[in-house]
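These notes concern the structure reproduced below.
All heavy atoms count here, side chains included; hydrogens, waters and symmetry mates do not. Lettering follows sequence order; numbering is per chain, from 1.
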Amino acid sequence: MHTFGKQEHLCSIPEIQKLFHEGKSFFRHPVKLYWLPGNWAGKPVAKVIVSVSKRNFKKAVDRNFIKRLLRECYRRNKVIVEDGLTGKRCIVALVYSGKEIPEFKSLEPIIIKLLERLVKEYETTAG
RNA sequence: UCAACGUGUUCUGUCGCUUCCGGUUGCAGAACCGGAAGAGGAAAGUCGGGGCAAUACAGGGCGCCAUACUUCCUAACGGGAAGGUUCCGCAGCCGGCGGAAACAGCAAGUGCCACAGAAAAUAACCGUCUUGUCGCGACUUGUCGCAACAGGAUAAGGGUGAAAAUGUGGGGUAAGAGCCCACGGCUCAGGUUGGUAACAACCUGCGCGGGUAAACCUUAUGGAUUGAAAGACCAAAUAUACCGGAAGGUUCUGCCGAAAGACAGAACAGGGAGCUGCCCGCUCCUUUCCGGGGGGUAGGUCGUUAGAACCUUAUGGCGACAUAAGGGAUAGAUAAAUGACAGGAGUCCCGCAUUAGCGGGAAACAGAACCCCGCUUACAACGUUGAACGG
């Protein structure tokens, strides 16, 4: 139910490059969300990648921690996307662009808002 | 306080991640269930060295780079062990202890040495001594003294400086000087003794040359380059060299042929692209379909986790370490797993009580990326050991 396995990760290099070059994005401090509609036949509704800038966090420990938080937030709230976009497919990137190490409790509501907005935007652009 | 070494919190619940094993369903791709394992002493910096891999490579010289007291250890190292020398510290000397060293050569050549100083390396500014000329003075009348100018000798004294030409004493001399002598210091050469050696002690002899090689350089030794994104293999889609099969407008020419026809070339038609808002026009290109197929992209598999490894004991060695015997072993990700939340336990700190206790807070440095051996740097708290001496 609340799984976040390998299938739901976005791993293909060309797809990632396409997402960051052509994808639409919106921002809610301190996380930026990129997205594009996908067109595969398989199971997951969304493939997700998380990213933290090396410029803001020099230590690998800090970057790993933030990525784990982002992944955890998505895992707990991905029902929003699965219910909102049944039958559709999309690829998503969550980029942390803040400069301080966040806490789980403050980060989770932001992710919820972002995912709700993603569902709305997808419906207005795709029809 | 400093230095060295060691340890580097832990348990339960809920949800979740990666790998492996087992089971169920399914033709299969997969899905689900259960179980096991899952970051460090530095995983870091990527600074040495090696394994491994690819490429290059007759042999030699020059060049370039690295290293630089000695012996030993090691697969190897710029690492380590033991020892030597010099310097520093323990208020002075000797011993002892501790620490530091880019510790081969400036006595092979070349260069450089700020400021100050006459001068920074073929030393003469002041001073000291002396010769000549001219002048002045003295008197015992051809000597002495003083001053100026010109020349010579001199490294004893002065001041400058980080550093000024071997130190002290004596002789010597016009004044001086290793010029000579005594006792020292240092360099080189030779020898004796001890030591594997660096070196130390002593003896003899030539000598006295300032510093600087993290200046060029000289000597000796070593050195191919790249780096797991190395490299090996499998390989969708799309385009396609090449091969096979089928179909392939009209006319003319050449060639083969009796003919049918095949091949080649040209023109026209057709198709496509460009110029343009459109037409005309001009330029360029020229079969189509099906099958095979090589290289090769996305992606995947291997490399890829048992290794010069670790632990214990014994033996050898001052020691680094070596040898032998025995023992325990599952991290393998790849836009990159090892987590989040909640609640305890232990440790430390603060406050209140100062006997149990209560409340609050803190837990560093830091995240495997082919694998090893080192070095360097970071580090809360706790534990162990050592440290400022003798005559």
Side-chain angles (χ1 to χ4, degrees):
Chain A
M1 181 97 179
H2 289 291
T3 60
F4 185 47
K6 215 170 178 183
Q7 286 186 331
E8 298 175 57
H9 284 85
L10 178 61
C11 299
S12 161
I13 295 167
E15 275 192 320
I16 292 163
Q17 287 182 344
K18 195 182 169 193
L19 173 61
F20 281 112
H21 281 113
E22 302 171 19
K24 294 153 193 167
S25 68
F26 45 90
F27 177 76
R28 186 181 184 90
H29 183 80
V31 182
K32 194 171 189 181
L33 188 146
Y34 290 83
W35 71 279
L36 268 181
N39 56 345
W40 60 89
K43 213 177 181 187
V45 171
K47 286 190 175 182
V48 181
I49 178 173
V50 298
S51 174
V52 180
S53 168
K54 208 171 186 176
R55 191 185 300 166
N56 293 337
F57 298 95
K58 265 189 148 183
K59 292 174 188 170
V61 177
D62 297 338
R63 269 179 275 133
N64 278 353
F65 176 73
I66 295 167
K67 280 154 98 173
R68 281 170 185 153
L69 280 187
L70 287 171
R71 248 184 263 131
E72 187 72 8
C73 289
Y74 175 77
R75 184 180 72 77
R76 292 181 127 200
N77 299 292
K78 66 170 190 170
V79 191
I80 299 166
V81 180
E82 283 174 348
D83 292 353
L85 301 176
T86 32
K88 292 157 186 168
R89 304 281 177 266
C90 71
I91 53 177
V92 178
L94 293 168
V95 179
Y96 188 82
S97 51
K99 289 185 179 172
E100 285 166 10
I101 298 171
E103 283 189 18
F104 180 79
K105 285 177 186 170
S106 60
L107 194 62
E108 193 174 18
I110 292 164
I111 299 293
I112 293 171
K113 291 261 170 67
L114 280 169
L115 293 180
E116 283 170 349
R117 188 169 164 190
L118 170 67
V119 173
K120 269 189 202 168
E121 287 218 356
Y122 197 105
E123 281 168 357
T124 51
T125 46

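Protein atom CD1 of A:Ile111 is 15 Å distant from nucleotide atom P of B:rC341, rounded to whole Å. Here B:rA335 presents its C1' atom at 13 Å from CD1 of A:Ile91, a figure rounded to the nearest Å. Put simply, CG on A:Asn64 is 8 Å from P on B:rU338, counting in whole angstrom units. Going from atom NZ of A:Lys78 over to atom P of B:rA340 covers 20 Å, rounded to whole Å. Separating the NZ atom of A:Lys18 from the C1' atom of B:rA335 is a distance of 18 Å, rounded to the nearest angstrom. Rounded to a whole Å, the CZ atom of A:Arg63 is 12 Å from the C1' atom of B:rA366. Going from atom CZ of A:Phe65 over to atom P of B:rA366 covers 16 Å, rounded to whole Å. Nucleotide B:rA342 holds its C1' atom 12 Å from the CZ atom of A:Phe104, rounded to whole Å.
Nucleotide B:rC112 has B:rG211 as its partner under the Watson-Crick or G-U criteria, with both atom distances under 3.5 Å. Across every strand in view, B:rG296 sits unpaired, with no contact that passes the Watson-Crick or G-U test at under 3.5 angstrom. Shown here, B:rA189 forms a base pair with B:rU204; the pair counts as Watson-Crick or G-U wobble because both key distances fall under 3.5 Å. Base pairing of B:rA165 is not made with any nucleotide, judged by Watson-Crick or G-U wobble geometry with both donor-acceptor distances under 3.5 Å. In this structure, B:rC217 forms a base pair with B:rG105, meeting either the Watson-Crick or the G-U wobble geometry with both donor-acceptor distances under 3.5 Å. Pair assignment for B:rG274: B:rC282, on the basis of Watson-Crick or G-U wobble contacts that are both within less than 3.5 Å. Both distances falling under 3.5 Å, in either a Watson-Crick or a G-U wobble arrangement, occur for no nucleotide opposite B:rU173. Both distances falling under 3.5 Å, in either a Watson-Crick or a G-U wobble arrangement, place B:rC382 opposite B:rG6.
In terms of heavy-atom proximity, A:Ile110 sits nearest to A:His29 at CD1-O, 3.4 Å. Heavy atoms only, all atoms of each residue included: A:Lys47 and A:His9 are closest at CD-O, 4.0 Å. Closest approach of A:Phe65 to A:Pro102, counting heavy atoms only: CE2-O, 3.9 Å.
Between the side chain of A:Arg75 and the base of B:rC17 there is no donor-acceptor pair of N/O atoms closer than 3.5 Å.
Across the C1' atoms, B:rA107 and B:rA189 are found 12 Å apart, a figure rounded to whole Å. When the P atom is used for both B:rA68 and B:rC112, the distance is 30 Å, rounded to whole Å. Across the C1' atoms, B:rC348 and B:rC372 are found 39 Å apart, a figure rounded to whole Å. Taking atom P on both nucleotides, B:rU347 is separated from B:rG383 by 13 Å, rounded to a whole Å. Across the C1' atoms, B:rA42 and B:rG374 are found 14 Å apart, a figure rounded to whole Å. Taking the P atom of each, B:rG157 and B:rU128 are spaced 15 Å apart, rounded to whole Å. Spacing of C1' atoms, B:rA236 relative to B:rA298, comes out at 8 Å, to the nearest Å. Comparing the P positions of B:rU24 and B:rU9 gives an interatomic distance of 43 Å, to the nearest angstrom.
The nucleotide whose nearest atom lies closest to any side-chain atom of A:Ala60 is, among B:rA368, B:rA340, B:rA39, B:rA368. Considering only the side chain of A:Ile49, B:rA335 comes nearest among B:rA336, B:rA340, B:rA335. Of the candidates B:rA336, B:rA335, B:rC341, the closest approach to any side-chain atom of A:Ile16 belongs to B:rA335.
In this structure the side chain of A:Asn56 never reaches within 4.5 angstrom of the side chain of A:Tyr96, judged on heavy atoms. You'll find the side chain of A:Glu121 reaches within 4.5 Å of the side chain of A:Arg117, heavy atoms only.
OP1 or OP2 of B:rA342 lies within a sub-4.0 Å distance of a side-chain N or O belonging to A:Lys105. Here A:Arg68 does not reach the OP1 or OP2 of B:rG16: none of its side-chain N or O atoms lies under 4.0 Å away.
B:rA153: glycosidic angle beyond 90° from 0, hence anti.
Taking the six-membered ring for Trp and thresholds of 30 and 60 degrees, A:Phe20 and A:Tyr34 have ring planes more than 60 degrees apart, a perpendicular arrangement.
Under the 4.0 Å criterion applied to side-chain N and carboxylate O atoms, A:Glu15 and A:Lys18 are not assigned as salt-bridge partners.
Between A:Val50 and A:Lys59, the residue anchored closer to the 5' end of RNA chain B is A:Val50, taking for each the nucleotide with the nearest heavy atom. Of the two residues contacting RNA chain B, namely A:Phe20 and A:Lys58, the nearest-nucleotide position lying further toward the 5' end is that of A:Phe20.
Counting any heavy atom pair closer than 4.0 Å across all strands shown, A:Arg71 reaches sugar-phosphate atoms only and no base atom.
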If you apply the rule side chain to side chain contact (heavy atoms under 4.5 Å, CB included), what do you find for A:Leu36 with A:Lys24, and how did you get there? CA-CA 7 Å; A:Leu36 268 181; A:Lys24 294 153 193 167; 5.6 Å; no
